[in-house]
Amino acid sequence: MRGLTVATIFVFSIFAAQLLRIQGFDSSAVAAEALEQRTEKVTIPALRGKITSSDGVVLASSRARETVVADPTAVCTYKQKDKKKCDPATSGVAVDLAAKALAPLLGSTVEDLRPKLTGKGRYQVLDRKVSPLTWRKVAGLGIPGIYKDSAEAVPERVYPQGPNSASLVGFVTDDGAAGGGLETMMDKALKGTAGHSVFEKAPDGSKIPGGRQGGVKAVDGKDVTLTVNSNIQWYAQNAIAQQMAKMGGQSGTAVVMNAKTSEILALASYPTYDPNDIGRAKGSLVNKALNDVFEPGSTAKVMTIAAAIEDKKVTPDQPVIIPNRMKRYDALFKDSHDHPTLNRTVAGTLAESSNIGTILIGETLESKRLEEYYRKFGLGSKSGMGFPGESAGLLAPAEKWSGTQRSTVMFGQGLSVTAIQAASVFQTIANGGVRMTPNLIEGTTNANGTFTKTASKPGTRVVSQDTASKINAMLEGVVSKEGTAPQAQIPGYRVAGKTGTADFYDATLRRYSGKTASFIGYAPADNPEIVVAVIIQRPSASIFGGTVAGPVFHDVMTYALQELKVPPTGTTKAPIKISVTPEEAASDPRTLRDRPRGSGK
């Protein structure tokens, strides 16, 4: 008995010492550990900011969504007498009743839900995109084991314009990550800062009333306002799609920008996709106006002739004798069609888009000087917009040009550009020789409603106002009856522009295959407001820029002028001399003519 008494006292002494330690010396630490075990921390996702057009149309927005989860070990007690445990004899009936009640609310079927509501596991996701209203209806059913998992809630991204602006706006994946376009470019501003909620929970997971609660509110992302006009974007996208259906082809783009500020008014790309169903996307997920490069062809002649005029090597009325064929190094160059020897002016060379005439004009400058002008026009470098995946194009240093490449670059082959770069060349001429950095973002609005306008970047003087005016007059000649694109004329407005037809290099085939047809121009020519660039790759019904891209330019430009309420200026263009007589060409000491330049690679 004494031994048993001593043992009992010893055991109770240990219990007393442990109780003293827990409640006395270590009480704070133990209490904190217990609190941590019964405290739940749930992340509150921030709603992603909206993307809207300059005229207030929503292009992308987010809406709250709940994740509905099932605990099969509890669902099996639905409408059963014993609510604490499943009865194998009746659990099948309970699951069927629950599935029938849930199916119409979750947009599912009994057959799909039954396996998720059955089993020994305690966590089955039923739906990740349930609206708050639908969740209230689900909760109102009172089905045991059906709850929402706030930690898994991911707001749903919605694109009201669908494929119309998909390649521009981009998309967001199911886990909320930006997947391209402006969603990626402006991700830091759009995504906001997640918050969290802290509360004490009972053993069954329910919130303890009056228990510790707190947390940090989520800060929603900033809204981003674009410079894009939603109506012009819609029209340009549909115009490209219709012309692609008519002409065939691999892809097409249309760029519409403000001639004075270079703000982007539309950036259409075809083929496109539906960002609301990205899992089934079949079209291209990139914006071809910024990501794809191509040889521009004759639209690049504007740079060559502008450089020669700026350096006072030629004048618009200077005669040029253009033969049917002309040899440079080991290549025999020609124009788009056979012709007898022509007597044209520099202006006529551009109006009729002569490759041979452009080479003769370009040869008045050293190769390095030409390269300098091309780079000042924006070739060989990104636009500065910051768009994800944008290409800088391809422009080799002049010292690496081969013998024939020195000639081909003058009329737009042997170098590559993006559609935005090509449009920027014409924006420079339309803006009196000053190139502006293209811009897509008008500004951002934070959660407090404060709007911050995007800072404008200074322009770069490329050529003088005088040179730009002379090129402007020549480009008006392109859309005259003597030029290559009379179909680009718009009644009541003076239009300036240039056609382009170039060989298309297929990166998959690793060879040239098909053509690139383009038309780039602006209006009104005497006070430019809008620049439109249309590029269609590998058309099959026709290959010439005037007939393939010209009609799209005409329609998009006409619509944009009306949408922005740009009135006709009411002025008439001054006549420009296109041709000279053989006698005038022969007697003028300024006349440019073929002088063979050696042989080589």
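Note that this is a predicted model, so its numbers are computed, not measured. One is the number of the first residue; the rest follow in order along the sequence.
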Of all the heavy-atom pairs spanning [X] and [Y], show the shortest one and how long it is.
{"X": "S262", "Y": "M436", "answer": "OG-O, 3.3 Å"}
{"X": "L370", "Y": "G362", "answer": "CD1-O, 3.9 Å"}
{"X": "P524", "Y": "P567", "answer": "CG-O, 4.3 Å"}
{"X": "N472", "Y": "I429", "answer": "N-CG2, 4.2 Å"}
{"X": "S353", "Y": "S298", "answer": "OG-OG, 3.0 Å"}

Determine whether [X] and [Y] make a side-chain contact, defined as any pair of heavy atoms from C-beta on separated by less than 4.5 Å.
{"X": "K515", "Y": "V548", "value": "no"}
{"X": "V434", "Y": "R461", "value": "yes"}
{"X": "W401", "Y": "T408", "value": "no"}
{"X": "E476", "Y": "D526", "value": "no"}
{"X": "N527", "Y": "K260", "value": "yes"}

*What orientation do F519 and F553 show, parallel under 30°, tilted 30 to 60°, or perpendicular over 60°?*
tilted
*Are K577 and E584 close enough, and set up right, to give a salt bridge (charged side-chain N to carboxylate O under 4.0 Å, His left out), and what steps lead you there?*
CA-CA 13 Å; K577 194 172 185 179; E584 288 174 317; 3.7 Å; yes
Ion pair check, [X] and [Y], cut-off under 4.0 Å:
{"X": "D588", "Y": "R590", "value": "yes"}
{"X": "D594", "Y": "R325", "value": "no"}
{"X": "R375", "Y": "E371", "value": "yes"}

*Please name the residue in the list I361, I359, N355 that meets the side chain to side chain contact (heavy atoms under 4.5 Å, CB included) test with T349.*
I361
_Sole residue of T558, L561, T569 in side chain to side chain contact (heavy atoms under 4.5 Å, CB included) with Y493_ = L561
*asked:* Using a 6.0 Å cut-off, check whether atom NZ of K573 has over 12 heavy atoms from anything other than its own residue.
replied: yes
